[in-house]
Participant: 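Sending over a structure as C-alpha cells; questions will come in a sec.
The sequence lines fix the lettering, A, B, ..., with proteins before strands; numbering per chain opens at 1.
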Amino acid sequence: MKAASSSRTNLAGSALLALVVLFLYGPLIVLIGNSFNASKYGGRWAGFTTHWYVDLVKDGATLSALGNTLLVATVAGVGATILGSVAAWSIHHFKSPLQRLHLLLTQLPMVVPDMWIGVAMQVFLIQVAWSLSLGTVMIAHVTFCVCYVTALMLGRMQSFDFSVIEAARDLGASWSQVVLRVVLPLLGPSMVAAFILSLLLSIDDFVITFFVSGPGSSTLPNRVFSMAKTSRSFPVINALSTLLIFATLVLTLLGNRLIRPNANPKNVPVSE
Amino acid sequence: MMWMACFFAGPAVILLATAFRTVDSYGRMGPVSTLEHWHILQQSGVQLALWRTIWTSLTAVVGCLVVALPVSWRIIQMSDIWRQRWLVIIAAPFLTSFLVRVYSWRILLQEEGWLASILRATQLLPDGSSLLYNQGAVVLVMIYTYLPLAILPIYAAMNRFDMSLYEAARDLGAGRWAAFFKVVLPNINRGIFAAALSVGVPSLGAYVIPEMIGGLGSETIGSVIAHKLFTDRNLPQAAVLASLLGLLALPLVMLAFRGERARAMVDS
C-alpha cells in the first residue's frame with residue numbers, strides 16, 4: 001500500500017520533472033529551430049535555410065558588436081583574473097578588518113540587482129565627467145568579473161597548502177622563482193577557469209553594458225536587444241542568438257574540463 | 001603587500017563610491033542639496049511601477065518555490081549519479097545568455113508563432129488578445145529565467161536533510177504530505193529562504209523582461225529608471241529611484257549575509 005502510493009508520487013514527480021525540462025529547453029529549441037526556418041515568422045516550417053546567417057554576417061553593426069564583445073571580454077578576462085587573484089590572495093593572507101571590508105566589497109556586487117550596478121556606474125561616470133565609451137564598458141566588466149574571480153580563487157586558496165611556499169623559500173628560491181615555479185603552476189588551472197568564467201560573464205552581460213555603453217560601443221547582447229526592439233527581422237536575431245548560445249556552451253564545456261582536474265589536487269602538475 | 005591590498009581594493013571601492021554618488025549626486029546638480037527630486041515618489045505612475053515591481057517579484061518568488069520544491073524532492077529520490085546529471089540538466093540553460101533566454105520567449109509567444117496559432121485554433125486564446133505584452137507573460141518568463149536559482153539551493157538543503165527523519169515520520173503514521181510539510185519543510189527552511197532571496201533580489205531590478213515581454217501596463221521601477229536616464233536625461237530623479245531600488249534590495253541582501261554567517265557558524 002505504502003509502496004504503491006510512493007511510486008505514484010514518484011510518477012507525478014517524474015512527470016513534473018519532464019515538464020520542467022520542456023519548460024527550460026523548449027523556448028531555446030524553438031529559437032534554434034527557427035533560425036534555420038525559411039519562414040519569416042516561424043509560425044510554420046517552410047524549409048531549411050542558412051539564409052539568415054548569411055544576412056547576419058553581412059550586417060556591419062553586428063560585426064562591430066562582435067568585435068566589441070571579443071575585445072571587452074578579453075580585457076575583462078585578463079584584468080579580472082589578475083585583480084581578482086591578487087584580491088583573493090590578500091583577503092586570504094591578511095585577516096585584518098580592512099580585508100574583511102575588502103571581502104564585503106567583492107561580495108556585494110554579486111547579490112545586488114545588476115541593474116542597480118549599471119545605474120550606479122552610469123551616474124558615477126557622468127558625475128566624474130567621463131564620457132561613456134568602450135572603455136567604460138571595459139571598466140564595468142572588469143569590476144563585476146573581479147567579484148566572481150575573487151570568490152572562485154578564495155575557494156581554491158582555502159585548500160591550498162601555503163607551506164609549499166615556505167618550503168620553496170627555505171630551499172633557496174627567490175620570490176620571483178616562488179611565484180613562477182610554485183604558485184602559478186599550482187593556482188594556474190584555477191586562474192584559467194576564472195578567466196573563462198569572466199569571459200562567460202562578460203559575453204552574457206546585457207544590463208550593465210546597456211547603462212555604461214556609449215554610441216558605437218554596444219556588445220552582442222545589446223545588439224540582440226536593440227534589434228529585437230527596433231527591427232522586425234526576427235530570423236536574423238534568431239541566428240545571432242543561436243550563435244551566442246553555442247558560444248557560451250563551448251566556453252562552459254571548456255571551463256568545466258579545466259576545473260575538473262582541479263577537484264583532485266593530486267592531478268595538478270608540479271613543475272620541476 | 002598592504003599596498004597591494006589597498007590597490008586591488010580599488011575597483012571595489014570605486015563601486016562603493018559609485019553607490020554613494022547616487023545619493024549625493026543631486027547635491028552636485030544644484031548649489032545646495034535638495035529633497036525636491038524625492039517628490040517624484042508622489043507621482044502615481046512611479047508609485048504604481050513600484051508596487052508592480054514588488055508584486056511581480058513576489059509572484060515570481062512564489063511561483064519558483066512552488067515548482068522548485070517538488071522538482072528538488074523528486075531529484076533527491078534518485079541515485080547519486082542521476083542526481084548529478086539532473087542538476088546539470090537543470091542548471092545548463094542558466095549558463096546561456098540571459099538576454100537570449102528572454103528573447104526566446106518573445107519568439108515562442110509572438111503573434112504569428114505556432115503556440116499562439118494553436119491556442120487560437122482551439123479557441124483557448126480569444127481573437128484580439130495576445131500571449132505577449134501582459135503581466136502574466138512577464139511573471140512566467142521571470143520564473144523561467146530564475147527557476148534554476150531556486151532549485152539549486154533547495155536541492156542543496158534537501159541533500160543535507162537526514163532522510164531517515166522523513167521515513168521515521170512515515171513509519172509513525174504521518175501521511176506523505178504531513179511528513180513533507182511538518183518534517184522536511186522546517187528542516188530545509190534555510191534553503192527555501194536562500195532560494196527566495198536569489199529569485200527575489202534580481203527580479204526587483206528586472207528591466208529586460210518587462211521591456212521585451214511586457215506591454216505598456218507592465219513598467220517596473222527598472223523601466224522607469226532607464227526612462228529617466230535615457231529619455232528624460234534626469235540624472236537626479238534616476239538616482240532617487242535607483243537608491244530606492246537599493247533600499248528595497250538592501251534588507252534582503254543583509255538577510256542573505258546573516259544567513260551565510262549563521263551557516264558558517266553551524267559548520268565550524
Side-chain angles (χ1 to χ4, degrees), chain A residues 5 9-10 13-14 16-17 20-21 23-28 30-31 34 41-44 83 86-87 90 94 98-99 102 105-106 108-109 111-116 119-124 126-127 142-143 146 200 203-204 206-207 211 221 224-225 228 234 237-238 241 244-245 248-249 252, chain B residues 1-2 4-5 8-9 11-19 21-22 25 28 67 70-71 73-75 77 89-90 93 95-101 103-108 110 112-114 117 144 147 170 176 201-202 204-205 207-208 212 222 225 229 235 238-239 242 245-246 249 253 256:
Chain A
S5 76
T9 332
N10 267 359
S14 307
L16 181 74
L17 209 54
V20 165
V21 170
F23 179 58
L24 288 177
Y25 285 87
L28 293 177
V30 169
L31 176 78
N34 266 339
Y41 295 111
R44 67 207 150 73
L83 292 179
V86 180
S90 51
F94 309 100
L98 185 66
Q99 290 303 329
H102 189 181
L105 285 175
T106 61
L108 268 178
V111 286
V112 299
D114 50 359
M115 153 153 220
W116 188 78
V119 174
M121 274 276 182
Q122 192 197 43
V123 171
F124 164 74
I126 293 176
Q127 288 296 326
V142 169
T143 309
V146 159
L200 271 174
I203 292 174
D204 273 1
F206 163 73
V207 173
F211 283 103
V224 172
F225 184 76
F234 287 133
I237 315 174
N238 292 347
S241 305
L244 268 176
I245 292 173
T248 44
L249 194 71
T252 309
Chain B
M1 282 302 247
M2 224 35 224
M4 267 190 4
F8 288 110
V13 172
I14 287 178
L15 203 83
L16 195 74
T18 315
R21 286 284 173 174
T22 53
S25 62
R28 285 211 165 184
V67 181
V71 165
W73 185 244
R74 181 68 190 86
I75 295 178
Q77 317 284 328
I89 291 172
I90 299 270
L95 296 167
T96 58
S97 168
F98 169 72
L99 194 82
V100 167
R101 279 180 295 144
Y103 172 73
S104 71
W105 274 93
R106 199 185 160 107
I107 293 298
L108 191 68
Q110 67 179 318
E112 305 87 355
W114 56 270
S117 344
Y144 168 75
L147 187 59
R170 291 302 312 275
R176 271 174 295 132
V201 172
L204 276 179
Y207 168 70
V208 179
M212 290 230 323
I225 295 176
L229 277 180
L235 216 56
L245 177 65
V253 169

Participant: What part of B:Tyr103 gets closer than 4.5 Å to chain A, counting heavy atoms only: side chain, backbone, both or neither?
Facilitator: side chain
Participant: So which heavy atom on A:Pro221 is nearest to which on B:Leu99, and how close?
Facilitator: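 For A:Pro221 and B:Leu99, the tightest heavy-atom pair comes out as O-CD2, 2.7 Å.
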Participant: Please identify which of these residues, A:Leu16, A:Val20, A:Leu17, meets the side chain to side chain contact (heavy atoms under 4.5 Å, CB included) condition with B:Arg74.
Facilitator: A:Leu17
Participant: Answer with side chain, backbone, both or neither: which region of B:Ile75 has an atom nearer than 4.5 Å to a non-hydrogen atom of chain A?
Facilitator: side chain
Participant: Do A:Phe23 and B:Leu147 come close enough that some side-chain heavy atom pair is under 4.5 Å?
Facilitator: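 A side-chain contact exists here, since the closest heavy-atom pair is under 4.5 Å.
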Participant: So for A:Ser241, is it side chain, backbone, both, or neither that comes closer than 4.5 Å to the heavy atoms of chain B?
Facilitator: both
Participant: Measuring heavy-atom distances to chain B, does A:Leu24 have an atom under 4.5 Å in its side chain, in its backbone, in both, or in neither?
Facilitator: both
Participant: B:Tyr207: which residues meet the side-chain hydrogen bond (donor to acceptor under 3.5 Å, both in side chains) condition with it, sequence neighbours left out?
Facilitator: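 So B:Tyr207 forms no side-chain hydrogen bond (donor to acceptor under 3.5 Å, both in side chains) with any residue.
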